[in-house]
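So the structure is just underneath, and the comments pick up after that.
In what follows, chains are A, B, ... by sequence order, proteins preceding strands, each numbered from 1.
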Amino acid sequence: MRSHRCGDLRASDGGRTAILCGWVDGRRDHGGVTFIDLRDTSGIIQVVFSSDVSARAHDAAQELRGEFCIKVTGEVRARRPGTVNDNLATGEIEVAAEELEVFSRSETPPFQIDDHQEIEESLRLKYRYLDLRRGRMQANLKLRHAIISAIRSFFDEEGFVEIETPMLTRATPEGARDYFVPSRVHPGSFYALPQSPQLFKQLFMVAGLDRYYQIVRCFRDEDLRADRQPDFTQLDLEMSFVEQEDVLEVAERMFKHVWREALSVELADFVRLTFAESMERFGSDKPDLRFGMEIKDLGPALSSTEVKIFRSVLDSGGAVKAIAVPGRGALARKDLDALVDEAKALGAGGLVWAGVTSEGLRSPLAKLFGDDERAGLVAAAEASEGDLILVVADHDPGVVHKTLGALRGRLAGRFGLIPERDRSDPEAWKFAWIVDFPWFEWDEAEKRWDPIHHPFTGMVEDTVQYLETDPGKVISKSYDITLNGWELASGSIRIHDRKMQERVFEALGISRDEAQAKFGFLLDALRFGPPPHGGIAPGIDRIVALAAGETNIREVIAYPKTQTAHDPLTGAPAPVTPDQLAALHLQTTHPPNPGPI
RNA sequence: GCCCCAGUGGAGCAGCCAGGAGUGCUCAUCUCCCUGUCAAGGAGAAGGUCGCCAGUUCAAAUCUGGUCUGGGGCGCCA
């Protein structure tokens, strides 16, 4: 039907007859001559309708409007001197139209198909097929393809096998809320959609398929965020006869391969931080390493302070720490008060601010400090004149780290303190491994120890002894990849010893019967010669979003959902008929609901 | 469950703080003009119950309460 794609033509094609298909991107009617920008997925080319070339085509072109789908036949020719458009890849040439066929007309679209304006996202999603016509979205989806393609070529080369796992499976008791699918043939029973193929891939290892990967959809029924959708895509992989270093090596090499293939960037070796160091320096287990503003301990500088709030915190073994915000020492009182409120909302009892000025400290607490303390405080915070020191004190050092870490990230973004770098610059990509996570975290609400990763995670040998006596001291063989403040991947070496796995369930308060009922198939498998194994699962949506320079993953998902897990395009979720419910042996306690609008 | 931001012709905004006639800007749409534009240009036109429901007021886009939708975040997300 067509001879070329719009964006592929170049000056070297001059003199050829081209048959092009696409959409009218724009129209410039000068009376005797009419210009059309013709767009397809490859790009845009200018088509000229002139009565000099074809009066018939020129007449026919008068009805053309934006988003009409057309076919144009004409000669490719160099543009006249002085009319070359440097903004277009095809800008040296144009097509002189001899024939025009209109495949279909278009109503005026609900928004303009260009990248010049930010459109209300609900409108974009309702007309996603129009939104996806935009160059930005096509570029994002093509980048997604390039990344997935690079991933597959890498694992092919490494001898991995891609194997699918079921979408309809059984619920796992811990972790995120499950999406359920009612069974018609087993009244009252439900499948769950997988939160990850975790146990299936471990069983592949028991099966001897020692290098598995899969690009797989996963489902978690939790509230949405910029980096979270209810259904999302993971690169799931698992290897046998490996230790932690082996998995890290393959995963890091894979990311370097992907960045090289998809972005033409040679990544530096990943930084490696322990969880403890990441929390102490950056207040986060997904630190953004593109800027400084590290958390500093003020404890030593204030060791003999008489300021009550600090004294009581230090005496109780708490922490007094600070970050220095460059150049913001003169921030308005109103903004400082807002920061205090923000810190409180993050869980801190309060926030002490201190501007470093040429006349000394500008702070509500300035008068309470001695001269030495003021100097020591500034030095300890590593602040310079003009900076703003933000201090958080709490009996729980975790609260201090979390609060300062969140403020660090937010303020760096708000005040433009993150260096802007081109995506082709290797320095734009601050990958890091976070290792040596604690195995457990204390759930204060439930008064119990929960796994930070999942219950199948291995433990560092010389910390296993604390499993029953002091769980907080157990270190896991788990690891995350972070990039510019996002968690990109999470993985671990698994437990391959049945006795050990049972011991862990016991420590988690899961009875033998319960474990057998819910994970029996795993425990059974562990009886038949399981190999040492481990793996990792990078999030594809996040990888692509960061690679594309986007700040939310909806921009790299063709048909995403809104913050209320609603799809404005299809109207999902939607009610079903009473008959459909009855066939599934279901009743709802909710009155008939038309669903989201 | 909670906090914050937004909702004004088809799109993107301003107007709101300090109430006084739906006022304005850019783009799109329609008509006309124009043979070298390219986010074309010129002349003109049409198009809006200011998300919705209450309340305060002589008077509400503007103030108050509620609610819905979208977005960011906290909780949640092994």
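Not a single donor-acceptor contact under 3.5 angstrom links the side-chain atoms of A:Asp29 to the base of B:U37. If you check distances only, the side chain of A:Arg27 never reaches the base of B:U37 with a donor-acceptor pair under 3.5 Å. A donor N or O paired with an acceptor N or O is not found under 3.5 Å between the base of B:C34 and the side-chain atoms of A:Arg28. For A:Arg225 against B:G75, a side-chain N or O and a base N or O form a donor-acceptor pair under 3.5 Å. One cannot find a donor-acceptor pair under 3.5 Å joining the base of B:G73 and the side-chain atoms of A:Arg414. You won't find any donor-acceptor pair under 3.5 Å spanning the side chain of A:Glu107 and the base of B:G10, going by distance alone. A donor and an acceptor atom sit less than 3.5 Å apart, one in the side chain of A:Asp223 and one in the base of B:G75. Under 3.5 Å, the side chain of A:Arg220 and the base of B:C77 form no donor-acceptor pair of N or O atoms.
If you check every strand for non-hydrogen atoms under 4.0 Å, A:Thr457 touches nothing. The residue A:Asp114 sits apart from the nucleic acid: no heavy atom pair falls under 4.0 Å. Using a 4.0 Å heavy-atom criterion, one finds that A:Arg410 contacts the sugar-phosphate atoms exclusively. Contact annotation for A:Arg77: base contact, defined as any heavy-atom pair under 4.0 Å involving a base atom. Within 4.0 Å (heavy atoms only), A:Glu118 reaches sugar-phosphate atoms of the nucleic acid but no base atom. Using a 4.0 Å heavy-atom criterion, one finds that A:Leu125 contacts no nucleic acid atom at all. Within the nucleic acid shown, A:Arg65 comes within 4.0 Å of sugar-phosphate atoms alone, with no base atom in reach, counting heavy atoms only. Base engagement by A:Thr83 is indicated by at least one non-hydrogen atom pair under 4.0 Å involving a base atom. A:Gln563 comes within 4.0 angstrom of a nucleotide base, judged by non-hydrogen atoms across all strands. Here A:Ser51 lies in heavy-atom contact (under 4.0 Å) with a base. Contacts of A:Glu342 with the nucleic acid, taken as non-hydrogen atoms under 4.0 Å apart, are absent. Looking at heavy-atom distances under 4.0 Å, A:Glu120 makes contact with sugar-phosphate atoms alone, never a base. Using a 4.0 Å heavy-atom distance criterion, A:Arg554 is classed as a sugar-phosphate-only contact.
B:C58 is paired with B:G20 under the criterion used here, namely a Watson-Crick or G-U wobble arrangement in which both key atom distances are under 3.5 Å. Searching all strands for a Watson-Crick or G-U wobble partner of B:G70 with both distances below 3.5 Å returns B:C5.
Nucleotide B:U69 holds its C1' atom 15 Å from the CG atom of A:Leu224, rounded to whole Å. Atom-to-atom, CG of A:Leu88 to P of B:U37 comes out at 15 Å; the value is rounded to the nearest Å. Here B:G51 presents its C1' atom at 14 Å from CG of A:Leu123, a figure rounded to the nearest Å. The interatomic distance linking A:Glu222 (CD) with B:C74 (C1') rounds to 14 Å, in whole Å. Atom CG of A:Asp341 and atom C1' of B:C3 are 11 Å apart (whole Å). One interatomic measurement links the two molecules: NE2 of A:His116 to C1' of B:A11, which rounds to 13 Å at whole-angstrom precision. The interatomic distance linking A:Glu92 (CD) with B:G36 (P) rounds to 22 Å, in whole Å. When rounded to the nearest whole Å, the span between CG of A:Leu64 and C1' of B:U29 equals 16 Å.
Between B:G12, B:A39, B:G36, one nucleotide has an atom nearer to the side chain of A:Asn85 than all others, and that is B:A39. Checking B:A11, B:G36, B:G70 against every side-chain atom of A:Ser122, the shortest atom distance belongs to B:G70. For A:Phe35, the listed nucleotide lying nearest its side chain is B:G36; candidates were B:A39, B:G72, B:G36. The side chain of A:Asn552 sits closest to B:G72 out of B:C76, B:G12, B:G72. When each of B:G36, B:U29, B:A11 is scored by its nearest atom to the side-chain atoms of A:Thr108, the top-ranked nucleotide is B:U29.
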For this session: Could you please spell out the steps behind the ring-ring contact (aromatic ring centres under 6.0 Å, His included) verdict for A:Phe519 and A:Phe505?
Result: CA-CA 10 Å; A:Phe519 307 110; A:Phe505 284 141; 4.9 Å; yes

For this session: Assess whether side chain to side chain contact (heavy atoms under 4.5 Å, CB included) is satisfied between A:Arg494 and A:Glu238, documenting all intermediate values.
Result: CA-CA 10 Å; A:Arg494 329 296 180 187; A:Glu238 195 78 3; 2.7 Å; yes

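Residues A:Val76 and A:Arg10 fail the side-chain proximity criterion, which asks for heavy atoms closer than 4.5 Å.
Between the side chains of A:Gln46 and A:Asn85, no donor-acceptor pair is found at a separation under 3.5 Å.
The side chain of A:Ser50 places no N or O atom within less than 4.0 Å of a non-bridging phosphate oxygen (OP1 or OP2) of B:G36. For A:Thr562 and B:G70, the shortest distance from a side-chain N or O to OP1 or OP2 is below 4.0 Å. Using a 4.0 Å cut-off, some side-chain N or O of A:Lys402 falls inside it from OP1 or OP2 of B:G75.
Stacking here means ring centres nearer than 5.5 Å and ring planes tilted less than 30 degrees, and by that measure A:His30 does not stack onto B:G36.
No cation-pi contact links A:Lys201 to A:Tyr212, judged by a cut-off of 6.0 Å to the six-membered ring centre and 45° from its axis.
Atom CZ of A:Phe68 is surrounded by more than 12 heavy atoms from other residues, nucleotides or ligands within 6.0 Å. Within 6.0 Å of CZ in A:Arg512 there are 12 or fewer heavy atoms belonging to other residues, nucleotides or ligands. Remark: A:Glu487 CD is packed, more than 12 non-hydrogen atoms of other residues, nucleotides or ligands lying under 6.0 Å away.
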